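Because only heavy atoms are used, hydrogens play no part in the values below, and waters and symmetry mates are left out as well, while side chains stay in. For clarity, every value in this text was computed on a predicted model and none was experimentally measured. Chain naming here is simple, since letters A, B, ... match the order of the sequence lines and numbering starts at 1 in each.
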Protein chains: 2
Amino acid sequence: MKQPVKDKIVFTALVLFYEQGIHHTGINQIIEASDVAKASFYHHFPSKDDLVDECLRQYGAIIADQIRSLVAESGDLDTLIRNWVARIKAGIVDTASYHGCPVANMRFSLMLDSDQNIREKFSAVIDSWADILDAFIETLKKDGRIAHTIVTRQLARRMIHIYQGAVVMWKLTGDTTYFDDLIDIAHELVGPPK
Amino acid sequence: MKQPVKDKIVFTALVLFYEQGIHHTGINQIIEASDVAKASFYHHFPSKDDLVDECLRQYGAIIADQIRSLVAESGDLDTLIRNWVARIKAGIVDTASYHGCPVANMRFSLMLDSDQNIREKFSAVIDSWADILDAFIETLKKDGRIAHTIVTRQLARRMIHIYQGAVVMWKLTGDTTYFDDLIDIAHELVGPPK
DNA sequence: GTCTATACATAGATAGAC
DNA sequence: GTCTATCTATGTATAGAC
């Protein structure tokens with residue numbers, strides 16, 4: 001059973017865009033690597049931007065799934081935080097293949113800060129992540145398994161915030177301890193148990 | 001008195017690289033905008049990479065100066081944090097010309113996470129920023145104007161960390177409240193006065 | 001140091017036969 | 001849907017006269 005052409009293209013693009021960045025990955029390379037004819041590519045994606053759009057959606061969904069499984073395996077906030085950092089660190093072990101958050105990378109590639117269209121697309125992705133964390137924390141609160149002083153949505157936002165910060169710091173310095181530091185920072189943000 | 005050719009090139013590059021990103025700014029555009037002959041450009045900068053290198057140094061120095069002046073006008077940690085965020089917000093008022101941290105932008109443009117050379121260059125810039133904050137916080141501690149539970153270097157690192165995180169979140173969502181949030185987050189990290 | 005002209009590669013995208 | 005060939009623009013960089 002052969003893989004549909006479109007799927008082959010997208011899969012290849014997801015890998016190459018993440019490894020090399022969007023602007024350093026040409027259409028020609030994607031076409032060659034996915035073993036597809038040039039005209040076939042343009043049949044499915046009228047322009048490179050359309051492919052980039054599709055990849056953004058996929059990256060967003062992939063991370064959302066990771067957050068979901070992270071939540072599923074964590075019974076409380078402390079465990080969530082530890083598992084979270086553990087996963088990140090595990091992903092960096094093979095340091096050559098880790099390049100940070102694919103969504104943030106893509107956002108920086110575009111570099112059009114005033115484009116409202118772009119803003120909405122990325123904003124939707126971030127919201128979808130925050131929603132998952134949000135729901136988890138809210139559940140903990142209802143079950144009385146958490147200090148009620150926590151502002152749910154705010155904590156969800158801040159977790160993503162400090163995560164993105166750690167990625168940038170790692171990219172800037174190569175220092176992986178910024179990820180370890182996430183545990184302490186997250187605990188400070190959660191505050192003392194009530 | 002006419003400006004040296006090299007300075008004109010660098011100044012133009014600093015502006016264009018920041019506005020458009022490195023890979024969306026061609027040598028030709030820089031040459032045209034700085035009103036210099038092509039051969040003159042290559043006389044001063046054998047390749048684009050050399051110009052990029054010079055710009056990184058300049059960006060780093062510019063931000064370092066901003067941090068220095070921020071420190072100079074702040075007598076305590078609380079004031080520093082407030083002034084810091086106030087300055088960022090002021091810079092975003094004209095939203096069309098703000099594009100986040102020029103050093104982080106440049107780092108994301110390069111996209112070569114395993115290149116040790118690049119890592120060292122950026123790391124040096126971040127260290128120079130941390131050094132300034134470090135010295136300031138250390139002084140406050142010695143003067144007894146701060147809770148001594150603070151780990152100086154760690155706090156300096158974390159301030160840069162959460163700042164970079166806020167920039168990314170802003171870039172991803174267009175939401176400027178992530179910068180306001182820096183005040184609360186920073187205070188949590190500083191902890192209660194002893 | 002500056003000028004014009006140009007080389008050379010790669011980018012994104014299209015044409016037209018099959 | 002696929003194939004090869006090609007268009008056109010742009011990118012980095014160099015040559016050679018002044």
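The distance between atom NE2 of A/H43 and atom P of C/dA15, rounded to the nearest whole Å, is 16 Å. Here the P atom of nucleotide C/dC3 and the CD atom of B/E32 are 13 Å apart, to the nearest Å. Per the geometry, CD belonging to A/Q20 stands 14 Å off P belonging to C/dT10, to the nearest Å. Rounding to whole angstrom units, CD1 of residue A/I31 and P of D/dA5 are separated by 15 Å. The CD1-P distance, from B/I30 to D/dT10, rounds to 16 Å in whole Å.
Scanning for ring-ring contact (aromatic ring centres under 6.0 Å, His included) contacts around B/Y98 gives B/W170, with sequence neighbours left out.
You'll find the side chain of B/Q154 reaches within 4.5 Å of the side chain of A/D181, heavy atoms only.
Cation-pi check for A/K171 over A/Y178 is not met; the charged atom does not lie both under 6.0 angstrom from the ring centroid and within 45 degrees of its normal.
Under the 3.5 Å distance criterion, with hydrogens and angles disregarded, no donor-acceptor pair is assigned to the side chains of A/T177 and A/D180.
The phosphate of D/dG1 (OP1 or OP2) has no side-chain N or O of A/S40 nearer than 4.0 angstrom.
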If the sugar-phosphate is the primed atoms plus P, OP1 and OP2 and the base is the rest, what is the B/S/- string for nucleotides 11-18 of chain D, using protein heavy atoms under 4.0 Å?
-> -BBBB---
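Salt bridge status for A/D115 with A/R119: absent, with no side-chain N to carboxylate O gap under 4.0 Å.
Ring-plane geometry between B/Y18 and B/H99 is classed as perpendicular, the angle between the planes exceeding 60 degrees on a 0 to 90 degree scale with a lower cut at 30.
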